[in-house]
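Take a look at the structure below.
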Amino acid sequence: MAKGGGFPGGMNMQQMMKQAQKMQQDMARMQEELGEREYTAQAGGGVVKATVYGRKELKNIEIDPTCVDPDDVEMLQDLITAAVNEAIRLADEQMNEQMGQLTGGMKLGF
């Protein structure tokens, strides 16, 4: 321990608490910003597009009418599922990357 009861590097408890509070505020702000971002993915060569917010809320689905086959609804359902899941995966990937940069790579469960 450094002299004077401080921590290594000359930082005292009050400075560490301020730094931790700032990091917490920065993380909350970034989570909010990332939650508002939009992520779009497509399936079936672009015939189905899904857009989600970073908070994993579906914003929009676009379906090219040429892929709508009343005799094959299952295929359309699969395309929608694939597009939505990919958009959510993109949102997760971006959030993890951004939060990792903020936290210096520490895994904090985001």
Side-chain angles (χ1 to χ4, degrees):
M1 206 177 264
K3 67 180 180 179
F7 290 91
M11 187 179 290
N12 66 32
M13 182 63 96
Q14 187 175 4
Q15 287 172 318
M16 283 186 63
M17 292 301 291
K18 283 183 181 181
Q19 190 175 25
Q21 286 175 335
K22 182 183 180 326
M23 185 174 174
Q24 187 177 23
Q25 290 168 348
D26 290 347
M27 288 173 51
R29 186 184 76 252
M30 183 175 285
Q31 281 182 310
E32 186 175 326
E33 288 173 9
L34 291 170
E36 293 299 318
R37 285 190 190 166
E38 296 177 13
Y39 302 88
T40 300
Q42 57 186 2
V47 295
V48 174
K49 295 179 184 173
T51 301
V52 299
Y53 292 108
R55 61 182 175 269
K56 301 185 188 81
E57 179 180 298
L58 183 63
K59 178 188 179 194
N60 188 41
I61 294 276
E62 293 178 37
I63 301 172
D64 184 333
T66 62
C67 80
V68 179
D69 180 356
D71 295 327
D72 194 3
V73 174
E74 188 174 324
M75 180 190 69
L76 180 58
Q77 292 169 332
D78 290 344
L79 290 172
I80 291 168
T81 300
V84 170
N85 285 335
E86 178 62 11
I88 290 170
R89 189 195 65 74
L90 289 171
D92 280 343
E93 184 179 279
Q94 184 70 29
M95 180 167 279
N96 287 334
E97 182 180 312
Q98 293 291 316
M99 294 305 283
Q101 289 176 3
L102 180 67
T103 63
M106 290 186 300
K107 300 278 185 190
L108 300 175
F110 300 108

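Please read all numbers here as calculations on a predicted model, not as lab measurements.
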Salt-bridge present (K56, D92; N to O < 4.0 Å):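 Yes, charged N to carboxylate O under 4.0 Å.
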
Between E33 and R29, does any side-chain N to carboxylate O distance fall below 4.0 Å?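 So E33 pairs with R29 through a salt bridge.
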
Do [X] and [Y] make a side-chain contact, defined as non-hydrogen atoms from C-beta onward lying under 4.5 Å apart?
| X | Y | value |
| --- | --- | --- |
| L76 | D69 | no |
| V52 | L90 | no |
| Y53 | E38 | yes |
| M23 | Q19 | no |
| V73 | Q77 | yes |
| R55 | E36 | yes |

Between the side chain of Q101 and the main-chain N/O of Q98, is any donor-acceptor distance below 3.5 Å?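 Absent.
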
Counting only heavy atoms not in E57 (residues, nucleotides, ligands), do more than 12 fall under 6.0 Å from its CD?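 Count over threshold, so yes.
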
Report, as yes or no, whether the 6.0 Å neighbourhood of atom CD on E32 holds more than 12 heavy atoms from other residues, nucleotides or ligands.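 Atom CD in E32 is not packed in, count stays at 12 or less.
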
Distance, nearest 0.5 Å, that separates [atom1] of [X] from [atom2] of [Y]:
| X | Y | atom1 | atom2 | answer |
| --- | --- | --- | --- | --- |
| Q21 | D26 | CD | CG | 12.0 Å |
| T81 | E74 | OG1 | CD | 10.0 Å |
| M75 | I80 | CE | CD1 | 10.0 Å |
| M95 | Q31 | CE | CD | 6.0 Å |

Which heavy-atom pair separates A50 from A87 by the least distance, and what is that distance?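 Looking at all heavy atoms of both residues, the shortest contact is O-CB, 3.8 Å.
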
Testing T40, I61, V84 for side-chain contact (heavy atoms from CB on, under 4.5 Å) with T51, which one passes?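 Considering T40, I61, V84, a side-chain contact (heavy atoms from CB on, under 4.5 Å) with T51 is found only for T40.
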
